[in-house]
Amino acid sequence: MPNSLAGDQVPPPTLDAVDLVDWSLRNAGTGILDEGTKDPSALPQLKDTGQLKGRMASRLRHMGISFLKACGLLGSLYFFICSLDILSSAFQLLGSKMAGDIFKESVVLSNPVAGLVIGVLVTVLVQSSSTSSSIVVSMVSSKLLTVQVSVPIIMGVNVGTSITSTLVSMAQSGDRDEFRRAFSGSAVHGIFNWLTVLVLLPLESATAMLERLSELVLGAASLQPGGQAPDILKALTQPLTHLIVQLDSNVIAGSATGNTTNSSLIKRWCGIRAEMTEGSSNQCGAFGPCTENNTVPEDRLPCQHLFAHSTLTDLAVGCILLAGSLLVLCLCLVLIVKLLNSLLQGRIAQAVRSVINADFPFPFGWLSGYLAILVGAGLTFLLQSSSVFTAAIVPLMGVGVISLDRAYPLFLGSNIGTTTTALLAALASPADMLLFAVQVALIHFLFNLAGILLWYLVPILRLPIPLAKRFGDLTARYRWVAIVYLLLTFLLLPLAAFGLSLAGSMVLAAVGGPLVGLVLLVILVNVLQQRRPSWLPRCLRSWAWLPLWLHSLEPWDRLMTHCCPGRACGPSQTTAKEAHCYDNPEILASQQL
């Protein structure tokens, strides 16, 4: 549409034009859009608040308040990490037995697509990619799975781990700009994992590339059993989490391998008395190490957590822990975001942002991203939890401290760091199955490394970044899209693919093949509409000939806003004003699907 008319032919402004100008001015004032030239997902402009200016008394008062806020931030972060640990335990109580039963279906696992879906679903159920990958390694070492069958499951485990950061980004949905940046950060992780799977799963099914490459690496290496990673995070959180609940880590893997002897996942007994077994721990509970032996017939030491003597079932305890941990998680996230917004202002925010997002001087600027990958891998290795690391990055992106371009390599490094858990679990396998177990863990590492080579090595192929930005803009305008994305990506579509795989490979190919082909065709037509519209027939140069609900989200938004109570799913006031311009049929005809 033209920006101006010549002469005196300027028409009187309509309501839509006034609303659109008002929306543009509001966004220009907030630093989000600068006359359409600035990226909406870019970091916000910072203003010098001048808080350090003034008399000595006001400076001391400001320093005291900042110190209290910093302590509150650290405390909120600690309880946030503990709530993630309890949330993982809750999901394990609710779904670990189901996960074990799913892994037993060897006939279904022979289908690569079914194996991929099972890996996604099990990781969503137990909320821990480390646990899922360790189960797969244990099953390979127990000769229940072959290396070839385990490869798609490992890929699914890698995809399922991105659900945690997506859930965390929901806490910032109240502010449109923060939600855009936070959800873009969580989406870039999931998009990277899915794109890597879409390339490597067919390639692996046809050529067994990762399996053969891992065999070559193992042929040149000498392995020694044993090994233990630093468990810094557990050392900090166990004094609190072990007072609430303790789980037997052997039961989850035992439910899949068929070696479990305890029907309950909740740990009741944490050791035996010192006078019976030399070297046993006589301090079991929150502040002492616990052995994993739950089968000692006499003189056992009971655990001291909240549910040690409870008669509730695992399902009931899991529901209680799920509700409580989600409540604490949301409260801590809100506090973290508020405190970060309060602390990171003016000169402090500029200093922090400049350090985190800084690049090396020319001509070594390209090394900054690879250093971020190493930092992400190292921190995840020390924490032994990629979920905690990515969940801590997302709020920082929301408040504008870390840019998407810097967070992307940090997420990639986190994918590399989380593979060490499965590797260490493989080193504890029996000697006769050590090579096979280590091979599975190595395939997990090679899969993530191949993803980095595909989607990061060449700058023009870093497709997850622009896709995540566009997805963030969409979810900032229609917040219910984030919930639909979460349900479709991690629950409904995997369940549908799993159900079709149960009917057989032919049914899966007959139903899934045309759907995948249709999606690829729509994507191709959209790209050509933007880049080369003259290559398309006239009828395909726009989607105006389709019903409105097939090429616009406005009808769906009105439906969701009507069904959703209050303003939880509706757009913000400025976004609603922006939507008025799409009532024009000419603009609707020019919109992409």
Side-chain angles (χ1 to χ4, degrees), residues 95 98-137 139-140 144-163 166 189-211 214 256 415 418-419 422 440-441 443-451 454-455 485-513 515-517 519-520:
M98 186 185 302
D101 294 337
I102 290 175
F103 273 130
K104 290 180 181 178
E105 299 293 335
S106 58
V107 178
V108 177
L109 293 177
S110 60
N111 187 334
V113 176
L116 171 71
V117 171
I118 287 174
V120 175
L121 291 175
V122 170
T123 307
V124 170
L125 283 174
V126 302
Q127 277 292 286
S128 174
S129 60
S130 300
T131 302
S132 302
S133 57
S134 298
I135 292 175
V136 177
V137 169
M139 294 186 69
V140 172
L144 296 177
L145 284 180
T146 63
V147 174
Q148 182 180 3
V149 171
S150 66
V151 175
I153 303 177
I154 288 294
M155 295 183 181
V157 168
N158 218 70
V159 171
T161 189
S162 57
I163 187 176
T166 306
H189 193 199
I191 291 173
F192 166 80
N193 290 330
W194 277 114
L195 288 178
T196 307
V197 166
L198 290 176
V199 173
L200 293 184
L201 182 61
L203 188 62
E204 179 67 20
S205 301
T207 64
M209 178 190 67
L210 296 177
E211 185 178 354
S214 61
N415 279 358
T418 194
T419 60
V440 174
I443 288 173
H444 193 190
F445 170 78
L446 293 175
F447 170 77
N448 286 297
L449 184 61
L454 282 172
W455 309 116
Y485 161 79
L486 192 65
L487 293 177
L488 285 178
T489 306
F490 298 105
L491 185 61
L492 298 181
L493 290 180
L495 284 176
F498 181 68
L500 291 174
S501 64
L502 293 178
S505 301
M506 295 298 296
V507 176
L508 179 63
V511 177
L515 291 178
V516 173
V519 171
L520 294 178

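Here the structure is a predicted model, which is why all the values come from computation and not from measurement.
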With His189 via ring-ring contact (aromatic ring centres under 6.0 Å, His included) - residues at least two apart |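 With neighbours one apart ignored, the set is Phe411.
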
Does a side-chain heavy-atom distance below 4.5 Å link Thr418 with Thr161?
->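 With C-beta onward as the side chain, the pair stays apart.
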
With sequence neighbours left out, write down each residue that passes side chain to side chain contact (heavy atoms under 4.5 Å, CB included) with [X], or none if nothing qualifies.
{"X": "Ser214", "answer": "Gln439, Leu442, Ile443, Leu446"}
{"X": "Val516", "answer": "Leu520"}
{"X": "Leu200", "answer": "Met155, Thr196, Leu203, Met209, Phe447, Ala450, Leu454"}

How close do Leu515 and Val511 get, heavy atom to heavy atom, and via which atoms?
->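 Nearest pair, atom of Leu515 first, then Val511: CG-O, 3.4 Å.
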
Shortest non-hydrogen contact from Leu201 toward Pro112 |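 What the structure gives for the nearest pair is CD1-CB, 4.2 Å.
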
Nearest 0.5 Å, please: how far is [atom2] in [Y] from [atom1] in [X]?
{"X": "Ile163", "Y": "Thr123", "atom1": "CD1", "atom2": "OG1", "result": "9.5 Å"}
{"X": "Asn111", "Y": "Ile118", "atom1": "CG", "atom2": "CD1", "result": "9.0 Å"}
{"X": "Phe192", "Y": "Ser162", "atom1": "CZ", "atom2": "OG", "result": "11.0 Å"}

Can you check whether His444's main-chain N or O pairs, donor with acceptor, with Asn448's side chain at less than 3.5 Å?
->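 Yes.
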
Whether Glu211 side chain and Val147 backbone form a donor-acceptor pair below 3.5 Å =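 Not a single qualifying donor-acceptor pair exists.
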
Could you give the side-chain donor-acceptor pairs of residues 485-499 under 3.5 Å, partners two or more places apart or in another chain?
| from | atom 1 | to | atom 2 | distance (Å) |
| --- | --- | --- | --- | --- |
| Thr489 | OG1 | Tyr485 | O | 2.8 |

